[in-house]
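Below is one structure, written out as structure tokens, with a few remarks after it.
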Amino acid sequence: MASTESPAIHSLAVFSTQPYDRQYLSAQLTTQFGDASPFKIDFYTVSLTPLTAKLAASHTAVCVFVNDILTAPVLQHLASLGVKAILLRCAGFNNVDLLAAKSLGFFVAHVPSYSPEAVAEFAVALIQTLNRNTHRAYNRVREGNFALHGLLGQTLHGKTVGVVGTGRIGLCFARIMRGFGCRVLAYDVYKSKDFETEKLGTYVELAQLLQESDVVSLHCPLLESTRHLVREETLAQMKDRALLVNTSRGGLIDTKAVIQALKAGKLRGLALDVYEAEAPLFYSDHSGEVMQDEVFARLMTFPNVIVCSHQGFFTEEALGEISAVTVGNMVEFMEGRGRVARNSLIKD
Ligand code: NAD
């Protein structure tokens, strides 16, 4: 929204703050403005929920991350407190009810791209770990066990890798896998010119990709149309003993169906950087607690499952870019550029 009516002094309430958020955002403000920052920031470690929304009072904008849930009631609460802008310090925006945000006149901006290579490289790291069992080897050697049984992998060169979603991250991922000497198959509802001109691989229908790929990596956004894209029927279409990797959004996979596929030996392995019920778990230390999530607990029993807590983005370069773009989004909001702002998610 055009924010000419906003108070002269702007302030930003940052939710789900981790130490690195504070470090990088503060450093970005100092780099850009020295001691004359045009807005002030308050950092809150709690996530944004119906209970914590009141902390946003007296702020003109909130800055949120992947597991802050901005439903219509939360947005209404924020609007009633005078908040006018939602700044996501991430690319995905499946956690914001954009229709409600639009009707309430919010300015909503995200960070569309921050080191897509960081996430693509992380997907490759997961594939390599899962395929060659380096996670198991690490533990064994530290315990004086130098046996190789159970560590057998496959040579990736010459294997077929399926990329679902050839946007910024999927494209980087396809380039890396090409470099490994893999045959790349891709599925996307919109074909990427770069993918075709760089001759990274071949676009096929999803069913063919699933039937032929030794490794399937998910890089499409979570939308109603992509929720549980991997489910019982699509798992059945997959090549036997394929590896499945998800660094995109947890909701793309029906976790219970994937557990059945792992039990049946249909999948050779599963690597997740994201999990459909990650919000109560990820980004905090629960090591002293009893795991309440039965599905997650079952996942942890498989030797061929790796789960990381949504860290694909987590590089120094990406944190720098996220902070720079987030501060830029705040400045665009303050300058009243509203829906013409570069990273606005609501454009008329
Ligand atoms: P992007 O928008 O550049 O690309 C997404 C691609 O998915 C587009 O080409 C789009 O056409 C395609 N797509 C849309 N619907 C599809 C469908 N039904 N089937 C197949 N493809 C479909 O996004 P990106 O920057 O490449 O990011 C991809 C996803 O990665 C994001 O949506 C986000 O959820 C996730 N992500 C994760 C991390 C992490 O830390 N693990 C970090 C950043 C982004």
Side-chain angles (χ1 to χ4, degrees), residues 16 18 20-21 64-68 88-96 98 110-127 162-177 184-196 198 200-210 213 216-231 234 237 244-253 271-276 278-279 281-283 306-322 325-326 342-343 345:
S16 300
Q18 295 289 344
Y20 48 82
D21 294 313
V64 296
F65 196 47
V66 292
N67 291 323
D68 294 303
L88 290 116
R89 53 182 190 282
C90 53
F93 45 88
N94 51 286
N95 51 336
V96 183
L98 284 182
H110 67 148
V111 184
S113 178
Y114 47 91
S115 189
E117 294 84 3
V119 185
E121 288 171 12
F122 194 75
V124 177
L126 289 177
I127 292 169
V163 187
V164 181
T166 50
R168 285 167 282 240
I169 296 169
L171 206 55
C172 295
F173 175 79
R175 287 187 189 114
I176 300 172
M177 297 324 293
V184 176
L185 296 180
Y187 170 71
D188 198 312
V189 285
Y190 300 105
K191 292 183 179 164
S192 152
K193 276 207 184 88
D194 290 343
F195 185 86
E196 294 185 311
E198 292 178 41
L200 295 176
T202 313
Y203 276 110
V204 293
E205 287 303 314
L206 182 61
Q208 187 183 345
L209 180 150
L210 297 175
S213 297
V216 174
S217 193
L218 305 180
H219 299 286
C220 60
L222 177 61
L223 309 165
E224 274 321 304
S225 59
T226 59
R227 186 174 296 280
H228 288 183
L229 183 131
V230 177
R231 55 187 183 277
T234 43
Q237 293 173 332
L244 176 62
V245 183
N246 186 8
T247 55
S248 188
R249 283 292 181 268
L252 295 177
I253 293 182
L272 303 179
D273 187 41
V274 286
Y275 167 57
E276 58 180 332
E278 71 181 43
L281 296 174
F282 285 12
Y283 299 127
I306 298 172
V307 182
C308 294
S309 49
H310 207 143
Q311 67 175 83
F313 73 98
F314 201 50
T315 66
E316 294 171 9
E317 292 76 6
L319 288 184
E321 284 176 51
I322 289 168
V325 175
T326 300
R342 265 174 316 153
N343 301 318
L345 286 166

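Whatever order the structure lists them in is the order used to number ligands and atoms, beginning at 1.
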Given [options], which has its nearest heavy atom closest to [atom]?
atom: atom 27 (O) of ligand 1; options: Val66, Ile169, Asn246; result: Ile169
atom: atom 5 (C) of ligand 1; options: Pro221, Gly165, Cys172; result: Pro221
atom: atom 19 (N) of ligand 1; options: Tyr190, Phe195, Tyr114, Tyr187; result: Tyr187

Any N or O on [X] sitting closer than 3.5 Å to an N or O of ligand 1?
X: Ser225; value: no
X: Thr247; value: yes
X: Cys220; value: no
X: Thr226; value: no

How close does the nearest protein non-hydrogen atom get to atom 9 (O) of ligand 1, and which residue and atom is it?
Asp188 OD2, 2.6 Å

At a 4.0 Å cut-off, with the gap strictly under it, does some heavy atom of Pro116 reach an atom of ligand 1?
no

Applying a strict 4.0 Å limit to heavy atoms, is Thr166 in contact with ligand 1?
yes

Note: Lys193-Glu196 ion pair, threshold 4.0 Å (strictly below):
no

Side chains of [X] and [Y]: closer than 4.5 Å at any heavy-atom pair?
X: Phe173; Y: Val245; answer: no
X: Glu276; Y: His228; answer: yes
X: Arg249; Y: Thr226; answer: no

Near-ring test Phe93/His110, centroid separation under 6.0 angstrom
yes

Would Phe122 and Phe314 count as a close aromatic pair, with their ring centres under 6.0 Å?
no

Determine the interplanar angle of the Phe313 and Tyr283 rings, folded into 0 to 90°, and report it as parallel if under 30°, tilted if 30 to 60°, perpendicular if over 60°.
perpendicular

